Trainee: 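A single structure is presented below for examination.
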Amino acid sequence: MMKFSKIAASVAFLSVGVSAGALHAQTAEVLHWWTSGSEQAALGEIRKAFEAKGGTWVDTPIAGGGNARAAAVNRMLGGDPAAVFQFSIGQQLRELADQGLLANVGDVATAENWDEKLPPLIVKAAKYDGNYIAAPINIHGENWMFYNTAVLEEAGIEVPKTWDDFIAAAEKLKAAGVTPIGLGGQPWQERIMFNSVLLGVAGREFYAELYSTLDDDLLKSDTMRKVFETFAALKPFVDEASPGRNWNEATNMVAKGEAAFQFMGDWAKGEIIAAGIEPGTTVGCAFAPAIDTAYIMTVDAFAFSAMDGEHATPAQTLMAQVMLEPDVQIAFNKKKGSIPARLDVPADSFDVCAQTAIKTLQDKKTHLVSTGLFGVPSAVSGAIDDTISNFWNSADMSPEEGQAQFQQAISYAK
Ligand code: BGC
């Protein structure tokens, strides 16, 4: 199928004749942070489809989401933007649109009827002033718990459903000489684990209300105290080499049985797949322990720098169109570990963890948004990551102090 369309596209291209201008018009620099094995493989699916349609892809990978996003913004501000850059939909992308830095792909979105094909929450978050400012590619969930099945079995441990159970299991594993939690010690990874604890201890309604209102009473509540106490109780279960570790190295620890668990978004599953492991077998997936069911979503997307006014250029338009093609959504997401952003593409060939995600999302009450890029302004997101990381890495800080710093930083930033 892909072969046929590739040939068809190049024949059509040749028959109209290729001018240097036309070629240039279909060239796009793509700036992104997808540098791990599975991320590269997934991105390769978009690139292949873009090139099959006559596009020329200029690749600019920058390791680390924060670094890549800073580079994309600096390039825009400096007048040398990358045409296409990876981002996530939500409040922080909106901030870039507020500054007039983005082009919209409203024409292709209307022509291809994105409003009907994407879930309402994504439609809303991907638009600014009624127009799409990004092409959404997937839905990732951040409150996953991956585990090494054999390690759990050997230690006689069931997959924990509550944080108390988790702590009891982790003590057992530690006594048996296994690192209970493979953690990449970087602020955003520590925050992902914290938010899983928050959701697990306080529940989905509390999570939604806390991050949508940033209310001082909730931040100062006894419930939050319990969240900080539980998070602090996990400190002894991480190895000494955690600080600075990349997320995919932590996934690798779980795959090899060097660590029992990882709390991470399901891009970790992409790495598991890339290692040749079928998710749900030697590496299993479950939601992090919680009192109810929810899915903390982050939606990867590509946004478009304003190159020449508010409307996307031909290369940007072609890129947007390709990203939402059903074949691309399927091929990309199977490698990435996520599920398609489009509701209407068949997902029956996806793994068991993806099936759980799809089923869970059918209930709207499970829909929560990440504090990374989606659900809170950038200043608040930074305050969350900084204070959580500071608390996690300060051996002497009490849960009370951690909670107070968290509350003060958010209250100042909001
Ligand atoms: C993105 C994922 C990516 C992960 C690690 C997250 O911000 O949403 O797609 O795999 O960062 O690079």
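FYI, side chains are in, hydrogens and waters are out, and symmetry mates aren't considered; it's all heavy atoms of this structure. One-based numbering, in listed order, for ligands and for the atoms of each. Everything numeric here is computed off the predicted structure, so don't read it as measured data.
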Trainee: Answer with yes or no whether the side chains of S196 and N143 bring together a donor and an acceptor at under 3.5 Å.
Mentor: no
Trainee: For a quick test of reading the model, state the closest non-hydrogen atom pair linking P243 to E240 and the distance between them.
Mentor: CD-O, 3.2 Å
Trainee: Suppose I only count heavy atoms of K336 and a 4.0 Å limit; which atoms of ligand 1 are within that range?
Mentor: 2 (C), 3 (C), 9 (O), 10 (O)
Trainee: Just distances here: any N/O of T298 and N/O of ligand 1 closer than 3.5 Å?
Mentor: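 No, no N or O pair falls under 3.5 Å.
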Trainee: For residues V108 and L318, determine if any side-chain heavy atom of one lies less than 4.5 Å from a side-chain heavy atom of the other.
Mentor: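 No, every pair of side-chain atoms sits at 4.5 Å or beyond.
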Trainee: With a 4.0 Å cut-off on N to O distance, would you call K48 and D327 a salt bridge?
Mentor: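 No, no charged N to carboxylate O under 4.0 Å.
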Trainee: Purely on distance, is any nitrogen or oxygen of W33 under 3.5 Å from one on ligand 1?
Mentor: yes
Trainee: Taking distance alone, with N or O pairs closer than 3.5 Å, would you say Q86 contacts ligand 1?
Mentor: no
Trainee: Hey, which atoms in ligand 1 end up nearer than 4.0 Å to a heavy atom of E39?
Mentor: 3 (C), 4 (C), 5 (C), 10 (O), 12 (O)
Trainee: When you compare ligand 1 with D300, is there at least one nitrogen or oxygen pair between them that comes in under 3.5 angstrom?
Mentor: yes
Trainee: Main chain of L218, side chain of S221: is a donor-acceptor contact present, judged purely on distance under 3.5 Å?
Mentor: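 Yes; judged by distance alone, with no hydrogens or angles, the pair exists.
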